Amino acid sequence: MALNQAKIITVTSVKGGTGKSSAVINLAGILASKQLKTVIVDLDLYSGVIAASLRLDSPNDIYTLVDDLMNNRFDNIDDYTRKYNDYIDVLAAPLDPRSVNKIRPKYIDIILSRLKLKYDVVLIDTNHIIDAINLISFDASDIILYFITNDLMDLKNMKTMVSIYEDMNIDNYRVILNESINTSYNYNLYEIKNLIGTNVNYVIPKSFYNRKISEYVYGGKIMTLDKNGQTTKGGQVLTKIINEIIKK
Ligand SMILES: Nc1ncnc2c1ncn2[C@@H]1O[C@H](COP(=O)(O)OP(=O)(O)OP(=O)(O)O)[C@@H](O)[C@H]1O
Ligand SMILES: [Mg+2]
C-alpha cells in the first residue's frame, strides 16, 4: 500500500442524477494515476452502473459475496472483484435486483473492513436515498462527497442534510457543485451557499461537460486517464479533491 492508512470515500447526493457515478469513475482514474490501489464499490445496489460503464463482466457481485460470507463459502475477496487495470478493481452491484433485499446491512460493514486491508482507497458509489446500507457507508467513510446541482429542490434537500450534520456534530463531508451536467445558472454561488447553509467546497465547471460522454461509457474508458483528462479545469478540481483526502 502506498498510503499509511486506507481511506474510504463515499460519493453521494440528495437527488438522483447529479453526476455521482461519472465522478466516481473519474476520481478512480485520478487515484490510479497516483498509483493508489483503488476498489470501486457499487452500493447503488438496485441500479448500479459502474461495472457496465467500465465494461467489466463477471458472475460475481456484492450479492454473491454476501451470500458466500453468510454461508461460510467465502475464501478470497479477489474472487468477487473485477479488474479494470493494475490499480482499479470493481465490486459490482448485484446483477439481479431481486437479490438486493437479501443483503443484510451488517455485511456491507464487514466487506468494507476487508477491502480496507487490501486497498489504498475504497471508493463507494451510492444512490441518493438515506437507507441502512448508505448509512453504514457514511459511518465507515473518512469523507463523504455530496454532488449537488444548481437546482432548487436539490439545494433544499442539501440544506436539510447540512442541518442534520450540524445537529450530529459531523463535518467529514464536502459539497461539490457539479455544473457540468446541469448547466443552467438558477442561482449564483453566494445564493447557493445561503440556500444550503454551508460552504460549497468545490465547483466542477461547465467546461467539464463532455458531449461525447457516451463514447467513454460505451468504450469502457475513463476521461481522467486520457491524455488531457486531468489537465482540464474539471480534472484539476477532481485532483484537488483527491489531494485533500490523501494528504490527511
Ligand atoms: N461531464 C459530463 N459531461 C456530460 N454528461 C455527463 C457528465 N457527467 C455525467 N453526465 C451524464 O449525466 C447523467 C447523470 O450522471 P451520473 O449517472 O453520473 O449521475 P448519478 O448521480 O450517478 O445518477 P443516479 O442518481 O441515477 O445514480 C448521465 O447520463 C451521465 O452520462
Ligand atoms: Mg449513479
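Every value quoted in this text rests on a predicted model; they were computed, and no experiment measured them. Note that ligands are numbered from 1 as they come in the structure, with each ligand's atoms numbered from 1 the same way.
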Taking distance alone, with no angle check, do [X] and ligand 1 share an N/O pair under 3.5 Å?
{"X": "A23", "value": "no"}
{"X": "M223", "value": "no"}
{"X": "D125", "value": "no"}
{"X": "K15", "value": "no"}

Worksheet entry | I148 side chain near L155 side chain, heavy-atom distance below 4.5 Å |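 The answer is yes; the side chains approach within 4.5 Å.
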
Worksheet item: Is the closest side-chain heavy-atom distance between L195 and K159 below 4.5 Å?
Response: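 In short, these two side chains do not touch, never coming nearer than 4.5 Å.
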
Worksheet item: Hey, are S13 and K20 close enough side-chain-wise for a donor-acceptor pair under 3.5 Å?
Response: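 A pair is found: one side chain offers a donor N or O, the other an acceptor, under 3.5 Å apart.
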
Practice prompt. Determine whether the side chains of N178 and T18 contain a donor N or O and an acceptor N or O closer than 3.5 Å.
Written response: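 Looking only at side-chain atoms, T18 and N178 do not form any donor-acceptor pair under 3.5 Å.
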
Item to complete: For T18, take its heavy atoms, then give the atoms of ligand 1 lying under 4.0 Å from any of them.
Response: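 Heavy-atom distances to T18 below 4.0 Å select 19 (O), 20 (P), 21 (O).
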
Worksheet entry | Ligand-residue contact atoms, ligand 1 with G16, heavy atoms, under 4.0 Å |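 Once the distances to G16 are compared, the set is 25 (O).
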
Worksheet item: Do any N/O/S atoms of S21 come under 2.8 Å of the Mg ion (ligand 2)?
Response: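 True for S21.
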
Worksheet item: Would you call K102-D67 a salt bridge at under 4.0 Å N-O?
Response: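 Salt bridge flag = no for D67 with K102.
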
Fill in: Ionic contact status for D61 with R82, cut-off 4.0 Å
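Here R82 does not pair with D61 in a salt bridge, since their nearest N and O are not under 4.0 Å apart.
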
Which protein heavy atom lies closest to [atom], and at what distance to 0.1 Å?
{"atom": "atom 20 (P) of ligand 1", "answer": "K20 N, 3.5 Å"}
{"atom": "atom 28 (C) of ligand 1", "answer": "S22 OG, 5.0 Å"}
{"atom": "atom 19 (O) of ligand 1", "answer": "G19 N, 3.0 Å"}
{"atom": "atom 5 (N) of ligand 1", "answer": "I213 CG2, 3.7 Å"}
{"atom": "atom 17 (O) of ligand 1", "answer": "S21 CB, 4.2 Å"}
{"atom": "atom 1 (N) of ligand 1", "answer": "F208 O, 3.0 Å"}

Discussion item. Taking K212's backbone N and O only, do any of them form a donor-acceptor pair with N210's side chain (distance below 3.5 Å, no angle check)?
Written reply: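 Looks like yes, one N/O pair under 3.5 Å.
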
Fill in: Heavy atom of protein closer than 4.0 angstrom to atom 7 (C) of ligand 1
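So atom 7 (C) of ligand 1 has protein heavy-atom neighbours under 4.0 Å.
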
Worksheet item: Looking at CG of D109 and CD1 of I136, how far apart are the two atoms once the value is rounded to the nearest 0.5 Å?
Response: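 Between atom CG of D109 and atom CD1 of I136 there are 5.0 Å.
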
Practice prompt. Please determine which of N72, N76, I77 meets the side chain to side chain contact (heavy atoms under 4.5 Å, CB included) test together with F74.
Written response: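 Testing F74 for a side chain to side chain contact (heavy atoms under 4.5 Å, CB included) against N72, N76, I77 leaves exactly one candidate, I77.
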
Worksheet item: Given N127 and N134, is the side-chain hydrogen bond (donor to acceptor under 3.5 Å, both in side chains) satisfied, shown in steps?
Response: CA-CA 8 Å; N127 56 31; N134 282 344; 2.7 Å; yes

Discussion item. Minimum distance, heavy atoms only, to atom 10 (N) of ligand 1: which one of N210, I181, T149 is it?
Written reply: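 Nearest heavy atom to atom 10 (N) of ligand 1 lies in I181.
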
Item to complete: Assess G17 for proximity to ligand 1: is some non-hydrogen atom of it under 4.0 Å away?
Response: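 Per 4.0 Å heavy-atom rule, G17 contacts ligand 1.
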
Practice prompt. Would you kindly specify which portion of D44 sits under 4.0 Å from ligand 1, judged on non-hydrogen atoms: side chain, backbone, both or neither?
Written response: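 The side chain, only.
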
Discussion item. Is the ring pair Y146/Y173 parallel, tilted or perpendicular, if the boundaries are 30 and 60 degrees?
Written reply: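 Perpendicular, since the angle between the ring planes exceeds 60°.
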
